[in-house]
Amino acid sequence: MKEMQKTDSKSHYYGEFGGQFIPETLMTALNEVSEAYDKYKDDPDFLNELHTLLSDYANRPSLLYYAENMTKDLGGAKIYFKREDLNHTGAHKINNVIGQALIAKRMGKTRLIAETGAGQHGVATATIAALFGMECEIYMGKMDTDRQKLNVYRMELLGAKVHPVTSGSMVLKDAVNATLQEWTRRVYDTFYVMGSAVGPYPFPQMVHDFQSVISKESKQQILDEEGRLPDAVVACVGGGSNAIGSFAQYIDDENVELIGCEAAGKGVDTDQTAATIERGSTGIFHGMKSMFLQNDDGQIDKVYSISAGLDYPGVGPEHAHLAITKRAKYVGITDDEAVDAFEYIAKTEGIIAAIESCHAVAYVQKLAPTMSKDQIIICTLSGRGDKDVASIAKYRGRDIDE
Amino acid sequence: MNKLEEVFKNKKAFIPFVVADDPDFDTTVQNILTLANNGADIIELGIPFSDPVADGPVIQVADLRAFDAGVNTNVVFDIVAKVRESTDVPLIFLTYTNIVFKYGYEEFCKRCRDLNISGLVIPDLPLEEQGDLREFAKQYDISLIQLIAPTSGDRIEKIAKEAEGFIYMVSSMGVTGQREDFSKKLSNTIEEIRKYTDVPVAIGFGIHSAEQAQALSKIADGIIIGSAIVELIAEGKDLAEYSNEIKAAI
């Protein structure tokens with residue numbers, strides 16, 4: 001894809017991170033995905049179909065919205081939100097799913113499987129499976145099926161089968177394990193639609209490429225609006241799909257600061273956190289060499305965040321690379337700060353944003369006042385927050401019916 | 001000749017698997033000695049991992065029992081040291097890349113050599129990613145056991161040519177566990193492997209009965225049994241009878 005960035009498709013690494021650490025049982029399937037991706041990513045028919053679906057089905061381009069109230073209230077930099085929450089299915093996840101599902105279709109696969117944390121990727125996958133008439137099975141940690149019941153039912157409405165995963169800590173990490181196992185069991189007709197910028201190559205690259213539509217649009221939009229690039233781009237990071245998409249087109253623009261907001265849970269210095277880059281170390285897991293929360297023996301930690309979508313002990317290899325080369329900075333935002341931001345953006349801008357995205361909003365609240373009025377921040381709202389309303393109410397001690 | 005390859009000379013090898021520290025230190029030592037004294041030719045010792053994506057539910061639960069017992073990598077080395085007081089049965093480790101990576105590739109290989117561990121099976125470390133570890137495995141004379149799957153297809157040649165010790169032939173798709181049916185392609189795959197290497201081929205994943213072991217031993221050089229043995233351990237049963245039965249069948 002001319003519009004897609006990877007410099008060398010043979011390279012499976014981002015600096016020292018990346019690779020394909022996956023059982024031999026999956027290597028052929030993975031290579032087939034790589035070959036198919038290489039074959040179609042520049043194919044005019046593929047690109048045409050991708051762009052048509054993005055605009056006519058997913059509602060792209062998404063708005064770049066000037067948050068005037070917040071800007072005035074915080075009294076510093078101008079704040080723009082990239083509104084991925086306005087996409088069909090309510091999050092950025094659809095961008096990548098359309099791309100991967102189109103590859104799957106061209107490979108002759110008839111069944112899509114996926115992991116999901118908050119359920120947004122599961123919903124997006126179930127949606128496209130419905131549209132393409134494909135079978136769909138979603139793996140979701142039992143903890144997450146409990147705290148995101150609305151999304152579970154949405155997936156079922158769309159015709160997907162949702163498997164609650166009861167192994168391990170029953171969150172996103174365990175859902176990835178279960179999906180990998182299911183792919184091993186049935187590779188012939190099945191395509192694993194990886195939702196985050198993690199896993200073995202080519203998944204981090206595909207997710208990077210398909211999500212980079214976010215920054216492609218935002219760059220053009222901010223140039224049209226302001227005639228210049230932003231000073232900072234802020235996005236939340238779990239595995240890092242919306243963040244890599246938000247950063248992609250600015251990586252070479254050295255003057256644009258890139259900031260990823262991780263879920264610090266109860267605090268970066270507690271053991272109830274998911275702040276991988278601040279607290280983690282280099283390891284090899286889920287198909288990739290990257291940064292992980294783990295103990296000295298290499299056992300992967302149980303992680304915690306109020307946000308099911310950020311509750312992951314690793315981070316995509318490209319983020320690990322951006323962190324170690326100091327091209328991007330990663331900060332931890334606690335549950336409390338994210339919940340405060342959830343309420344703040346609702347009351348200030350009339351936007352109910354996903355609790356994941358509110359980790360980025362919370363950092364913007366800290367950052368904007370330290371900047372001058374002629375500076376610009378673009379913050380990605382990766383998803384909408386309807387799914388979180390019940391659990392935020394509970395966090396505040398209110399019990400409401402979903 | 002490689003010391004693992006020597007095991008297969010003039011016989012079919014029986015390779016049972018146990019999880020280290022399942023359910024505790026002393027039982028693991030005892031189980032290894034029982035297997036060594038009752039027909040096991042090579043014993044595969046699993047170092048538990050928090051997220052064993054290549055293992056089925058039986059071994060996942062065994063890993064949890066081992067974690068409850070307080071297992072870590074050094075405890076596993078201690079188990080081996082204890083075993084080595086009584087037997088020089090060939091031992092190999094099965095574990096995941098991150099365990100070896102975090103210990104340090106060189107330090108891990110060095111400790112393996114000191115404890116006379118002959119090989120490593122690492123399911124999430126495919127051929128293409130073995131480079132960093134291979135350097136130290138060679139230096140300390142540890143065989144990296146290659147896995148070949150029914151889906152390996154045109155990868156078989158390059159994997160077979162790199163193989164040493166033995167080749168771990170994955171009997172059927174999916175994760176470890178008991179299965180009734182084995183792919184008919186299996187003997188074809190093994191024939192293909194033999195075109196490229198003389199390294200012995202052992203079949204694993206899903207073998208539980210003596211009948212299966214017997215049938216598969218006709219087309220392979222060795223039989224690996226994991227989940228069935230781990231289940232006996234979970235039930236607190238003695239392994240001697242089962243081990244002798246399998247050895248007699250192959």
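The sequence lines fix the lettering, A, B, ..., with proteins before strands; numbering per chain opens at 1. Side chains are part of it too, since the values below use all heavy atoms of this structure and drop only hydrogens, waters and symmetry mates.
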> Which answer fits B:I159, side chain, backbone, both or neither, if we ask what part of it has an atom under 4.5 Å from a heavy atom of chain A?
Replying inline: side chain

> Highest number of heavy-atom pairs under 4.5 Å with chain A: which of B:E129, B:K102, B:R155, B:Q146?
Replying inline: B:E129

> So, are A:D189 and A:K109 salt-bridged, with charged N and O less than 4.0 Å apart?
Replying inline: no

> So which part of B:Y96 gets closer than 4.5 Å to some heavy atom of chain A, the side chain, the backbone, both or neither?
Replying inline: neither

>> By the salt bridge (Lys or Arg N to Asp or Glu O under 4.0 Å) test, which pairs, at least two apart or in different chains, include something from residues 272-293 of chain A?
In response: none

> Based on non-hydrogen pairs under 4.5 Å, which of A:N31, A:D297, A:T28 is most in contact with chain B?
Replying inline: A:D297

> In terms of heavy-atom proximity below 4.5 Å to chain B, should A:E182 be classed as side chain, backbone, both, or neither?
Replying inline: neither

> What part of B:F49 lies closer than 4.5 angstrom to a heavy atom of chain A: side chain, backbone, both or neither?
Replying inline: both

>> Need one label for A:D174: side chain, backbone, both or neither, based on atoms under 4.5 Å from any heavy atom in chain B.
In response: side chain

>> Heavy-atom pairs under 4.5 Å with chain A - which of B:I47, B:L147, B:L125 has more of them than the others?
In response: B:L147

>> What I want to find out is whether A:K142 reaches A:D146 closely enough, with some N-O distance under 4.0 Å, to be called a salt bridge.
In response: yes

> In terms of the angle between their ring planes, are A:H12 and A:Y201 parallel, tilted or perpendicular, with boundaries placed at 30° and 60°?
Replying inline: parallel

> What part of A:F21 lies closer than 4.5 angstrom to a heavy atom of chain B: side chain, backbone, both or neither?
Replying inline: both

>> Among B:I167, B:I190, B:T197, B:T189, which residue satisfies the side chain to side chain contact (heavy atoms under 4.5 Å, CB included) criterion with B:I156?
In response: B:T189

>> Please evaluate residues A:R147 and A:D311 with respect to the criterion salt bridge (charged side-chain N to carboxylate O under 4.0 Å, His left out), reporting the C-alpha separation (whole Å), side-chain torsions for both, the decisive distance (0.1 Å), and the verdict.
In response: CA-CA 12 Å; A:R147 61 180 161 174; A:D311 202 344; 2.7 Å; yes

>> Heavy-atom cut-off 4.5 Å, strictly under: side chain, backbone, both or neither for A:T282 against chain B?
In response: both

>> Quick test of your reading of the model: are B:E107 and B:R111 salt-bridged, counting only N-O distances below 4.0 Å?
In response: no

> Where does A:D296 contact chain B at under 4.5 Å (heavy atoms): side chain, backbone, both or neither?
Replying inline: backbone

> Is B:E106 salt-bridged to B:R113, going by a charged N under 4.0 Å from an acidic O?
Replying inline: no

